[in-house]
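Following: one structure in structure tokens, then a few remarks.
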Amino acid sequence: MRSLLPDLTPFRVSSDYRRLWTGFTLSNIGSQMAVVAIGLQVYGLTGSTASVGVVGLFALVPLVVMGLYGGALADHLDRRTVGLVATLVAFATSVAAAAQAWLGSSSVWLLYGIVAVWSGAFAVSSPARSSIYPRILPLEQLPAANALSVFAMNTALTAGPLLAGVLVDWGGYRSAYTVDAFLTLAALHSLWRLPAIPPEPHDDADGPRRVGLRSVLDGFSFLRTAPNVRMTFVADIAAMLLAQPRVLFPAAGAVILGGGAKTVGALYAAAAVGGILAMLLSGRLGGVRRQGLAILVSVAGWGVGIAGLGVALLAADGAVSRGHALVAALGAMAFAGAADSVSAVFRTTILQSAAPDRMRGRLQGVFIVVVAGGPRLGELAGGGVAVRIGEGWTAVVGGLACVAAVVVLALLQPGFVRYDARHPTP
């Protein structure tokens, strides 16, 4: 039983990792609180769901642009400095959000601007932080460290929105934003305590260390010669494009399962809870050598979970009661969330261990773009399909298509199936 529990070795051997994990866990909880508060405030000011949707646009564009550029910064400059400056900008936006709420601002465009700046700051700090971990921990401890990070993120996705609801009800938007600003200080402190972490010296085969479009494009050029790293992105894109369920949740709550917003929230939370449970039993992940195979199995598990969600939605239209169908849907989403969390652990581990240090930041930037853009494209595709065949069949077909895509990828890239964590190669 002890071997199934999370491996806490990274906490014991590295005080730097321990501070980073604690600081960014608290900061991420605050960020999720702010995300919920901004959505509520925009809706309160406009009464328009479309205006709330625009928040996502203002978040996505800086995330994509600055994610790529931020990765190049992390590969060319001191990573502690890059992360520290970006987190300072994020802290400033948290303070600005709190200030506008305390002053009673009614400007939606100010909120949009705050979202855009914060999203850009996060896109710069995340590659820097992720590329720091392989420099402060032995490579064999990266799976355990990433499992702990995935656990922290799922916890933030669960606790942040719940705390936001409590704080907004208690003290208005200003209370949620103010707490977020204070929690961001924990991330700043953890980065401040780090030593300097400049990029490792190399033979300058790529030319001088200049941050620009050429540097960003070099990251994509590297992917063409790195099939194992490339497959971590391709597998995730397949899952997000073919089997992205979030666009189906509103109809599930309003029409199919009933319960409205509560059901929608429960479906979101079920995936995060599944991820938390999986990471609570993550102790043996560090011993997995065939990490490529583990990713493919996990992505297939995600597809099975989404197909199970579709079966539950179809059952709710038949003889099965809505209550039983809801339980089945929540169970399917929990299973999918657990599979996705395991996949995330190994995708991040391969990215950190197989890629050379000089490319880690840029590849983490690409990772952010995939994670941010893939679900949006999947929602667009899923919405179009659901209009034609209904929400239940969209989930079933999408989930099964995801499983089929995994089989095809395994046949096309047998080297990824054989990837050995003891001898990481890009």
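Numbers here simply count residues along the sequence, with the first being 1.
- Arg135 CZ to Leu137 CG: the interatomic distance, rounded to the nearest 0.5 Å, is 12.5 Å.
- Using a 4.5 Å cut-off on side-chain heavy atoms (C-beta onward), Val124 and Tyr69 make no contact.
- Although no hydrogens or angles enter the test, the distance criterion places no donor-acceptor pair under 3.5 Å between the side chain of Thr348 and the main chain of Asn146.
- Using modelled atom types, one side-chain atom of Asp78 and one backbone atom of Ile197 make a donor-acceptor pair closer than 3.5 Å.
- Minimum interatomic distance between Val396 and Val311 (heavy atoms only, all atoms of both residues): CG2-N, 3.6 Å.
- Because its NZ or CZ atom is both nearer than 6.0 Å to the ring centre of Trp192 and within 45° of the ring axis, Arg80 counts as a cation-pi partner of that residue.
- The shortest side-chain heavy-atom distance between Leu285 and Met279 falls under the 4.5 Å cut-off.
- Judged by distance alone, the side chain of Gln352 and the main-chain N or O of Ser131 form no donor-acceptor pair under 3.5 Å.
- Taking the side chain as every heavy atom from C-beta outward, Ile114 and Gln100 approach each other to under 4.5 Å.
- Using a 4.0 Å cut-off between charged side-chain N and carboxylate O, Arg79 and Asp357 make a salt bridge.
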Side chain to side chain contact (heavy atoms under 4.5 Å, CB included) between Tyr112 and Ser51, worked out: CA-CA 10 Å; Tyr112 288 158; Ser51 296; 3.6 Å; yes
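- Checking side-chain atoms of Asn228 against main-chain N and O of Thr425 turns up a donor-acceptor pair under 3.5 Å.
- To the nearest 0.5 Å, the span separating CG on Leu157 from CG on Asn28 amounts to 8.5 Å.
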For the pair Ser298 and Asp340, evaluate side chain to side chain contact (heavy atoms under 4.5 Å, CB included) and give the outcome as yes or no after the intermediate values. CA-CA 6 Å; Ser298 299; Asp340 184 53; over 6 Å; no
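- The two atoms that bring Ala145 and Pro10 nearest to each other are N-CG, 3.8 Å, heavy atoms only.
- For residues 264-273, no pair satisfies salt bridge (Lys or Arg N to Asp or Glu O under 4.0 Å), with sequence neighbours left out.
- Arg12 and Thr9 are linked by a side-chain donor-acceptor pair at a separation below 3.5 angstrom, with hydrogens and angles left out of the test.
- Judged by distance alone, the side chain of Thr93 and the main-chain N or O of Ala90 form a donor-acceptor pair under 3.5 Å.
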Test Leu68 against Val366 for side chain to side chain contact (heavy atoms under 4.5 Å, CB included), laying out the working first. CA-CA 6 Å; Leu68 296 174; Val366 176; 4.1 Å; yes
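- For the pair Pro6/Leu148, a side-chain contact is recorded, criterion being any heavy-atom separation below 4.5 Å from C-beta on.
- Taking the charged nitrogens against the carboxylate oxygens, Asp75 and Arg360 have no contact shorter than 4.0 Å, which rules out a salt bridge.
- How far CH2 of Trp21 is from OH of Tyr133: 10.0 Å, rounded to the nearest 0.5 Å.
- In this structure a side-chain-to-backbone donor-acceptor pair under 3.5 Å is missing from Ser105 to Ala101.
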Between Asp16 and Arg193, is the salt bridge (charged side-chain N to carboxylate O under 4.0 Å, His left out) condition met? List the steps. CA-CA 8 Å; Asp16 288 332; Arg193 293 287 302 275; over 6 Å; no
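- For the atom pair OG (Ser190) and CG (Leu20), the distance works out to 4.5 Å, reported to the nearest 0.5 Å.
- Ser341 places a side-chain N or O within donor-acceptor distance of the main-chain N or O of Gly337, the cut-off being under 3.5 Å.
- Between Gly398 and Ala243, the closest heavy-atom pair is O-CB, 3.7 Å.
- Counting heavy atoms from C-beta outward, Val385 and Val397 have side chains that stay 4.5 Å or more apart.
- Nearest heavy atoms, Met33 versus Gly160: CG-O, 3.2 Å.
- The distance from the CD atom of Gln32 to the CG atom of Asp180 is 10.0 Å, given to the nearest 0.5 Å.
- The ring pair (Phe, Tyr, Trp, His ring centres under 6.0 Å) check on Phe416 picks up nothing, with sequence neighbours excluded.
- Without hydrogens or angle criteria, Ser119 side chain to Ala59 main chain gives a donor-acceptor distance under 3.5 Å.
- Scanning both residues, Met240 and Gln244, for their nearest heavy atoms gives O-CB, 3.1 Å.
- No side-chain donor-acceptor contact under 3.5 Å links Thr178 to the backbone of Ser175.
- Between Tyr177 and Gln41, some side-chain heavy-atom pair lies under the 4.5 Å cut-off.
- In this structure, Arg362 is not positioned above the aromatic face of Phe222 in the sense of NZ or CZ being under 6.0 Å from the six-membered ring centre and within 45° of the axis.
- Here the straight-line distance linking atom OH of Tyr419 with atom OG1 of Thr232 works out to 9.5 Å at 0.5 Å rounding.
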Start with the C-alpha distance between Ile132 and Ile136, add both sets of side-chain angles, then the distance that settles side chain to side chain contact (heavy atoms under 4.5 Å, CB included), and finish with yes or no. CA-CA 7 Å; Ile132 283 172; Ile136 63 176; 4.2 Å; yes
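- Taking 4.5 Å as the limit, every side-chain heavy atom of Tyr173 sits out of range of all side-chain heavy atoms of Leu167.
- Nearest heavy-atom pair, Ala354 versus Val229, reported as atom, atom and distance to 0.1 Å: CB-CG2, 4.3 Å.
- The closest donor-acceptor contact from the side chain of Thr349 to the backbone of Val345 lies under 3.5 Å.
- The shortest distance between side-chain heavy atoms of Val417 and Gln413 does not fall below 4.5 Å.
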